[in-house]
Number of protein chains: 2
Amino acid sequence: MSVSIDNFLKNIYLLSQETGSSVTSSILAERLGISVAAVTDMARKLGRQGLLDYRPYRALMLSDKGRKMALKVIRKHRLWELFLYRVLGMDLMSVHEEAEKLEHHTSDKLMEHINRFLEHPDFDPHGDPIPGIGGNVPSEKGVVPLSEIEEQEKCKIKKLRYRDSEVSKMFETFGLRKDMVLKVLKVYSFDGSIELEFPDSKKVMISEKLADNIFCVKQ
Amino acid sequence: MSVSIDNFLKNIYLLSQETGSSVTSSILAERLGISVAAVTDMARKLGRQGLLDYRPYRALMLSDKGRKMALKVIRKHRLWELFLYRVLGMDLMSVHEEAEKLEHHTSDKLMEHINRFLEHPDFDPHGDPIPGIGGNVPSEKGVVPLSEIEEQEKCKIKKLRYRDSEVSKMFETFGLRKDMVLKVLKVYSFDGSIELEFPDSKKVMISEKLADNIFCVKQ
DNA sequence: TTTTGTATTTAAGCTTACTTAACTTTGTCT
DNA sequence: AGACAAAGTTAAGTAAGCTTAAATACAAAA
């Protein structure tokens, strides 16, 4: 399968997960950095191939076959991320872009070697679930956006969305890491910013937009 | 850099090493599985980019810049092969085709992580030298084709050329492996076939063509 | 119900890496 | 030297994956 098709299907899946709503041509075009016309073209093509249910002017919906392909690419991506992080010691800021390339050029056989080496992990180093070979996605029960935590409540970080290098850098400079326990001190309704207390009692203030990329479980 | 360009330069380098003579358009076309016209096109293009010294109707010669690029791809290929073999336990017959894809999608940074993990190896699992970052190739002094060993002489296998899956299978069924010590019992000038004795005293006969893919040092 | 603005599709065209087929150069053989 | 076969080049065309610009559908407001 071509890199284009892989990325197309993968990003439809990821966008629908991230936003919780339907994926339009323009949103996908924006995400892939290509024109809306190119998305229409590809969507029609993948519709013919039975990878998605394409209807003009409607949102993009993956078929079962398409979702399976998307999950397979995501599996490869996340296994690579964990491998690069845990085995080769690459930093969290780099593993995403490396995995972004490797995921398309990895045979199922090689992937299962890596899976075995890592002892069948369920989550990647950012906390995202690694889909199984059959397409089953490990549960994230109880994982909610940081904004849903009440004032004075404690929670543990379960997932950090490294959406780009700037956000990655912010996580790093704030010292935010997976499995860290935080206390939400105050939520300012004025702009949605949140004041947090770290395990070492250090206090910081983060914006609503950054908070949207942090997910945790209540303690 | 595109996969096409990488492969073009890499195979010019490899062919000139393997055959010891100059690389023509038709030989390269055959190797890459594309038409001669496509080779001419690409050669002209890479000539303009200063990656090779292109002159119509003459053999293809890499420039310094082109050779460096070729060696870099070969370095990636061979480091991947060793990594897949030694760390992930893949079989020798598979590592080549996996590396063939990965080599084009591996950053220099990732490659150096792998190099460090493997503790700066000099040879891949087939016995081929791994070029250094600067383009220096580890010495293969004393390594000669099996056909150059005299009758009754002993030698140690240093390199096996896994040119395709059939040859790989033959190595496997004969039990030929790197660092194995062989004795050449008889060379038949009629067809060039060679009778060998294994460490366990087992005797086998191999064809000249297979012997051409075995390289060793005299003991 | 008609208007209007936004989203989507269609159309035409570009680039890369190929193809086949026709043509040209080279080097060898007599 | 001349002819010829082999090797290489040029020309024209294809498919994939894009682009921009013009045309069309949809949905929400008047």
Side-chain angles (χ1 to χ4, degrees), chain A residues 1-12 15-16 18-63 66 69-70 73 100-101 103-105, chain B residues 1-16 18-63 66 69-70 73 100-101 103-105:
Chain A
M1 266 317 107
S2 107
V3 172
S4 267
I5 294 175
D6 276 2
N7 273 334
F8 201 89
L9 298 173
K10 181 184 74 166
N11 282 290
I12 292 174
L15 276 171
S16 80
E18 288 168 23
T19 65
S21 54
S22 57
V23 180
T24 65
S25 304
S26 33
I27 290 175
L28 185 58
E30 164 83 34
R31 168 88 154 220
L32 294 173
I34 62 181
S35 68
V36 182
V39 168
T40 299
D41 254 24
M42 183 64 93
R44 212 154 14 82
K45 183 176 131 190
L46 298 189
R48 282 195 301 271
Q49 292 182 221
L51 293 167
L52 48 80
D53 174 26
Y54 174 71
R55 297 181 182 195
Y57 299 103
R58 318 303 295 279
L60 300 166
M61 300 264 290
L62 292 177
S63 69
M69 274 186 63
V73 179
E100 202 66 18
K101 291 177 287 171
E103 64 186 8
H104 309 295
H105 305 280
Chain B
M1 267 314 108
S2 107
V3 172
S4 266
I5 294 175
D6 276 1
N7 273 336
F8 200 90
L9 298 172
K10 180 183 76 167
N11 282 290
I12 292 174
Y13 182 89
L14 290 177
L15 276 171
S16 79
E18 288 167 22
T19 65
S21 55
S22 57
V23 180
T24 66
S25 302
S26 33
I27 291 174
L28 184 58
E30 164 84 35
R31 168 87 154 218
L32 294 173
I34 61 179
S35 69
V36 182
V39 168
T40 300
D41 256 23
M42 184 64 93
R44 210 153 17 81
K45 183 176 130 190
L46 298 188
R48 283 195 302 270
Q49 292 182 220
L51 293 167
L52 47 79
D53 174 25
Y54 174 70
R55 295 181 184 197
Y57 299 102
R58 318 303 294 280
L60 298 166
M61 300 263 292
L62 292 177
S63 69
M69 274 188 62
V73 179
E100 201 68 17
K101 291 176 288 171
E103 64 186 7
H104 308 296
H105 305 279

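Throughout, a chain's letter reflects where its sequence line sits, starting with A, and its residues are numbered from 1.
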Open item on the list: Measure CE/B:Met42 against P/D:dT9 and give the value in whole Å, please.
Closed with: 15 Å

TODO: Measure from CZ on A:Arg55 to C1' on D:dA25 and round the result to the nearest Å.
DONE: 16 Å

- [ ] Could you please name the option among C:dC18, D:dT19, C:dT9 that lies closest to any side-chain atom of A:Val36?
- [x] C:dT9

Task: Steps toward side chain to side chain contact (heavy atoms under 4.5 Å, CB included) verdict (A:Ile12, A:Met61) - done: CA-CA 8 Å; A:Ile12 292 174; A:Met61 300 264 290; over 6 Å; no

- [ ] Would you indicate what A:Thr40 reaches in the nucleic acid, counting non-hydrogen atoms under 4.0 angstrom: base, sugar-phosphate, or nothing?
- [x] base

- [ ] With heavy atoms under 4.0 Å as the rule, sort B:Phe8 into base, sugar-phosphate or nothing.
- [x] nothing

Task: Distance in angstrom units between B:Met61 CE and D:dG8 C1', rounded - done: 18 Å

Task: Which residue lies more 5' along DNA chain D, comparing B:Ser25 with A:Ile5 via nearest heavy atoms - done: B:Ser25

- [ ] Give the nucleotide from the list C:dT8, D:dA21, C:dT20 with an atom nearest to the side chain of A:Ala37.
- [x] D:dA21

Open item on the list: Rounded to whole Å, please give me the gap between CZ in A:Arg48 and C1' in D:dA16.
Closed with: 12 Å

- [ ] Report the C-alpha distance between A:Glu100 and A:Lys10 in whole Å, list the side-chain angles of each, state the deciding distance to 0.1 Å, and finish with yes or no for side chain to side chain contact (heavy atoms under 4.5 Å, CB included).
- [x] CA-CA 11 Å; A:Glu100 202 66 18; A:Lys10 181 184 74 166; 2.7 Å; yes

TODO: Might you point out which heavy atoms bring B:Leu52 and B:Leu62 nearest each other, and give the distance in Å?
DONE: CB-CA, 4.0 Å

Open item on the list: Is the shortest side-chain heavy-atom distance between B:Leu60 and B:Leu15 below 4.5 Å?
Closed with: no

Open item on the list: Closest approach to the side chain of A:Ser35, judged atom by atom: which nucleotide of C:dC18, D:dT19, C:dA17 is it?
Closed with: D:dT19

Task: Value in whole Å for how far the C1' atom of D:dG17 lies from CG of A:Asn7 - done: 13 Å

Open item on the list: Is any side-chain heavy atom of A:Val3 closer than 4.5 Å to one of A:Lys101?
Closed with: no

Task: Candidate nucleotides D:dC18, C:dC18, D:dT9, ranked by approach to the side chain of B:Tyr57 - the nearest - done: D:dT9

Task: Length of the CG-C1' vector between B:Leu28 and C:dC18, whole Å - done: 14 Å

TODO: Write down the distance between CZ (A:Arg44) and C1' (C:dT9), rounded to a whole number of angstrom.
DONE: 8 Å

TODO: Please check the phosphate of C:dT16 (OP1 and OP2 only) for any side-chain N or O of B:Lys45 closer than 4.0 Å.
DONE: no

Open item on the list: I need the CG-P distance between A:Asp41 and C:dA11, as an integer number of Å.
Closed with: 11 Å

- [ ] Identify whether any heavy atom of A:Ser4 sits under 4.0 Å from a base atom; if not, whether one sits that close to sugar-phosphate; answer base, sugar-phosphate or nothing.
- [x] sugar-phosphate

- [ ] May I ask you to verify if any side-chain N or O of A:Ser26 is less than 4.0 angstrom from the OP1 or OP2 atom of C:dT8?
- [x] yes

Open item on the list: C:dT9, OP1 or OP2 - any side-chain N/O from A:Tyr54 closer than 4.0 Å?
Closed with: yes

Task: Closest listed nucleotide, where the reference is the side chain of B:Ile34 and the choices are C:dA21, C:dT10, C:dC18 - done: C:dC18

